[in-house]
Amino acid sequence: MKEISKLMGYRSDVRVIDATLRDGGLVNDFYFKDEFVKALYETNIKAGVDYMEFGYKASKEMFDESKFGKWKFCKDDDIRAVVGDNDTDLKIAVMADVGRCDYKTDIISRSDSPIDLIRVATYLNTIPAAVKMIEDAKNKGYEVSCNIMAISNAQESDLKFALDTLGQSCVDVLYIVDSFGALYPEQIARIADTYMEFAAKYGKKIGMHAHNNQQLAFANTIEAVGDGVDWLDATYAGMGRGAGNCAMELLLGLLRNPKYNIYPAIRFVEKYMNKLREEGIVWGYDLQYLMTGLLNQHPRTAIQFTKEKRSDYSEFYKEIVAQD
């Protein structure tokens, strides 16, 4: 039974992270107009959002800069062109994928950067490399979180080993990530209990990043809040890879912290997110994403199905069942 105070009451430790540019960038290869990014930044400030994730610190050796928008690489000067000195309460974040970034050179000292938080993303089999990245970012003066991806495929013993290893590192926040949108609230509750056990042992915060394959991103985020998870990811209109994420406007409507204001979020969705849809950018729940979520599969096949504008859902289901 959830403590009603954790779900409905004011919690000063709650932090809301806007991942629209980063997770949403996976939908349009990070080609966001400067006007959109500036308006998003200003909206986050007015809405009381705590962190804005600008995108990735992706390796320019691995990824061709000509094939992506600038938020795939999040150069400090590009961020500064939007935020200036960022003399606000909103903090700036970027994500760095293990094995897909040149963090030693591209992530400079915090004192010379507009970035506040480095979000390290890792799979269970790359935890040692993640620890190295965490240590590097912490030594440079950043706040650091770690997203353990694809945990719906993880053995409990492997997850506990990873949490224990990361717990001993200097990371600040450990994230529950439902990469495939495969988890249900009851499973989130059990997973959150495991994360909270290690958080208490090592003095860490816990975060939640949900995907909407089964239309449960918001429900799973609510579950996590009720379990004591404080760091909450969301995107405007739920924009994100495949089925998308927990919608910012839903999350701000749930939280009782008076610093959050839903009206700027509603206005931004009306003016900017709806326009993206009108321009042909596609994201959000659909049958193909439901299927990969049900089968606990990476949504790459569903993403390809969407790009090809297929509508033979039953045939697609047979194809992915055969791969399972």
Side-chain angles (χ1 to χ4, degrees), residues 16-33 35-37 39-40 43-44 47 49 52-56 58 67-72 95 97 119 121 147 149-150 152 177-183 208-221 232-253 265-311 313 316 320:
V16 173
I17 295 83
D18 167 38
T20 305
L21 284 187
R22 200 273 306 166
D23 217 317
L26 296 169
V27 178
N28 67 349
D29 291 329
F30 303 91
Y31 286 112
F32 292 100
K33 295 177 181 177
E35 177 198 355
F36 178 97
V37 178
L40 179 60
T43 296
N44 281 324
V49 170
M52 177 175 169
E53 187 179 38
F54 268 73
Y56 285 97
K67 294 181 179 179
F68 298 93
K70 55 190 170 186
W71 306 115
K72 176 78 169 178
M95 181 166 280
D97 268 347
R119 283 158 55 97
N147 286 25
M149 298 182 289
S152 57
V177 183
D178 183 14
S179 300
F180 303 159
L183 297 173
M208 179 70 205
H209 182 88
H211 278 265
N212 205 37
N213 297 62
Q214 300 184 79
Q215 301 208 65
L216 290 172
F218 182 46
N220 284 339
T221 302
L232 310 170
D233 284 13
T235 64
Y236 287 88
M239 185 184 187
R241 184 204 65 192
N245 305 100
C246 175
M248 179 67 76
E249 55 275 19
L250 286 171
L251 181 60
L252 294 180
I266 292 170
R267 203 165 51 174
F268 183 81
V269 171
E270 175 187 357
K271 184 173 181 180
Y272 291 97
M273 302 309 298
N274 289 345
K275 186 177 180 182
L276 287 183
R277 291 190 189 276
E278 290 168 3
E279 291 171 352
I281 306 300
V282 178
W283 73 88
Y285 168 81
D286 208 338
L287 275 176
Q288 63 269 33
Y289 296 118
L290 164 66
M291 296 176 208
T292 58
L294 284 171
L295 295 171
N296 194 16
Q297 292 182 1
H298 192 288
R300 61 176 61 90
T301 53
I303 292 170
Q304 187 61 34
F305 179 97
T306 306
K307 286 182 177 178
E308 293 174 0
K309 298 182 178 180
R310 290 174 59 182
S311 58
Y313 296 102
F316 176 71
I320 62 174

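Small disclaimer: the values here were computed from a predicted structure and weren't measured. FYI, side chains are in, hydrogens and waters are out, and symmetry mates aren't considered; it's all heavy atoms of this structure.
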Working to the nearest 0.5 angstrom, can you tell me the gap between [X] [atom1] and [Y] [atom2]?
X: D233; Y: N245; atom1: CG; atom2: CG; value: 7.5 Å
X: L183; Y: N296; atom1: CG; atom2: CG; value: 7.0 Å
X: L40; Y: M273; atom1: CG; atom2: CE; value: 8.0 Å
X: H211; Y: N220; atom1: NE2; atom2: CG; value: 11.5 Å
X: R119; Y: I17; atom1: CZ; atom2: CD1; value: 6.0 Å

Could you list the residues that satisfy side-chain contact (heavy atoms from CB on, under 4.5 Å) with [X], not counting sequence neighbours?
X: T292; value: N213, Q297, P299, T301, A302, F316, I320
X: A47; value: V49, Y236, L252, P264
X: N274; value: V269
X: K307; value: I303, Q304

Going by the rule salt bridge (charged side-chain N to carboxylate O under 4.0 Å, His left out), which residues pair with [X] if we only count those two or more places apart in sequence or in a different chain?
X: K33; answer: E279
X: D178; answer: none
X: K72; answer: none
X: R22; answer: E53

Restricting to non-hydrogen atoms, name the atom on [X] and the atom on [Y] that form the minimum distance, rounded to 0.1 Å.
X: A247; Y: A234; answer: C-CB, 4.1 Å
X: A150; Y: S179; answer: N-OG, 2.8 Å
X: A217; Y: C246; answer: CB-N, 3.5 Å

Applying ring-ring contact (aromatic ring centres under 6.0 Å, His included), can you list everything that pairs with [X], at least two apart in sequence or on another chain?
X: F32; value: F36
X: W283; value: none
X: F30; value: Y56
X: Y31; value: none

Pairwise side-chain contact, D29 with K67, heavy-atom cut-off 4.5 Å (strictly under)
no
Is the shortest side-chain heavy-atom distance between N212 and Y289 below 4.5 Å?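 N212 does not reach Y289 side chain to side chain.
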Check: Is atom CD of E35 surrounded by more than 12 heavy atoms (other residues, nucleotides or ligands) closer than 6.0 Å?
Finding: no
Could you tell me whether the side chain of [X] and the main chain of [Y] form a donor-acceptor pair under 3.5 Å?
X: Q288; Y: Y313; answer: no
X: N147; Y: M149; answer: no
X: D286; Y: L290; answer: no

Run the side-chain contact (heavy atoms from CB on, under 4.5 Å) test on Y272 and T43 for me, step by step, so that the C-alpha distance in whole Å, both residues' side-chain angles and the decisive distance to 0.1 Å come before the verdict. CA-CA 11 Å; Y272 291 97; T43 296; over 6 Å; no
Would M239 and L276 satisfy side-chain contact (heavy atoms from CB on, under 4.5 Å), going step by step from the backbone distance to the final call?
CA-CA 10 Å; M239 185 184 187; L276 287 183; 3.9 Å; yes
Under the side-chain contact (heavy atoms from CB on, under 4.5 Å) criterion, do L232 and L251 qualify, and how do the steps go? CA-CA 9 Å; L232 310 170; L251 181 60; 3.9 Å; yes
